[in-house]
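Predicted, not measured: the structure shown is a model, and the values here were computed from it.
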Amino acid sequence: MDTLTRGKDAEDRACHYLQARGLQLLHRNYHSRRGEIDLVLQDKDSVVFVEVRYRSDSRFGAALESVNRRKQSRLSACAQHYMQTHPDTSQQPCRFDVISIMGPAGLIDWVPNAFGATE
């Protein structure tokens, strides 16, 4: 399986996982000039921006560790763009979650509120 296919598969699995827990999908692969957000979901009154990370093994570190400050800043800027261009969500609180999918078994680790918005 190539990298793009693995990435899409990981996003599909993460989306199904979150929907099974009551979140509603708003957008997939939201793009702006500032970056991309894998999944945008609604969780009760909050908009949830989700970064999905897949690692086949931990040789290069855990998937969660790869969401560094630079990546967080890009996600935050993209989320800000989303909120500005979707007035129906602009007054809602938001959070940033990370879904880590590890190894061939596809073990899912969901970290709600993994980091705060950055300036």
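- Remark: the Asn29 side chain and the Glu11 side chain contain an N/O donor-acceptor pair separated by less than 3.5 Å.
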Test Leu25 against Leu39 for side chain to side chain contact (heavy atoms under 4.5 Å, CB included), laying out the working first. CA-CA 7 Å; Leu25 181 65; Leu39 302 170; 4.2 Å; yes
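- Side-chain contact between Arg34 and Gln80 is present, with heavy atoms from C-beta onward closer than 4.5 Å.
- Contact of the Thr85 side chain with the Tyr30 side chain is registered, since non-hydrogen atoms from C-beta on lie closer than 4.5 Å.
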Does Tyr17 form a side chain to side chain contact (heavy atoms under 4.5 Å, CB included) with Ile99? I'd like the steps, not just the answer. CA-CA 10 Å; Tyr17 180 88; Ile99 291 269; 4.1 Å; yes
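- Under the 4.0 Å criterion applied to side-chain N and carboxylate O atoms, Asp43 and Arg21 are not assigned as salt-bridge partners.
- Counting only heavy atoms from C-beta outward, the side chains of Val48 and Val40 never approach each other to under 4.5 Å.
- To the nearest 0.5 Å, atom NE2 of residue His31 and atom SG of residue Cys78 are 8.5 Å apart.
- Around the CZ atom of Arg95, the shell of radius 6.0 Å holds more than 12 heavy atoms that belong to other residues, nucleotides or ligands.
- A salt bridge links Arg53 with Glu51: the closest approach of a Lys/Arg side-chain nitrogen to an acidic carboxylate oxygen falls below 4.0 angstrom.
- Between Val98 and Val50, the closest side-chain pair of non-hydrogen atoms is not below 4.5 Å.
- The OG atom of Ser100 sits 9.0 Å away from atom CG of Leu107, with the distance rounded to the nearest 0.5 Å.
- Between the CD atom in Gln42 and the CG atom in Asp88 there is a gap of 8.5 Å [rounded to 0.5 Å].
- Rounding to the nearest 0.5 Å gives a distance of 9.0 Å between OH of Tyr54 and CE of Met102.
- With hydrogens and angles ignored, the 3.5 Å screen pairs no side-chain donor or acceptor of Ser73 with any backbone N or O of Arg69.
- Taking CG of Asp97 as the start and CG of Leu41 as the end, the distance is 8.5 Å to the nearest 0.5 Å.
- Annotation: side chain of Glu36 is in contact with side chain of Asp38 (closest heavy-atom distance under 4.5 Å).
- Relative ring orientation between Tyr82 and His86 is described as parallel, the plane-to-plane angle staying below 30° on a 0-90° scale split at 30° and 60°.
- Salt bridge Lys8/Asp12: present, at least one basic N to carboxylate O contact under 4.0 Å.
- Atoms OG and CD1, on Ser32 and Ile37 in that order, are 7.0 Å from each other to the nearest 0.5 Å.
- Enclosure of atom CD in Gln19 by more than 12 non-hydrogen atoms of other residues, nucleotides or ligands within 6.0 angstrom is indicated.
- The aromatic rings of Phe96 and Phe115 sit parallel, their planes meeting at an angle under 30°, below the 60° perpendicular limit.
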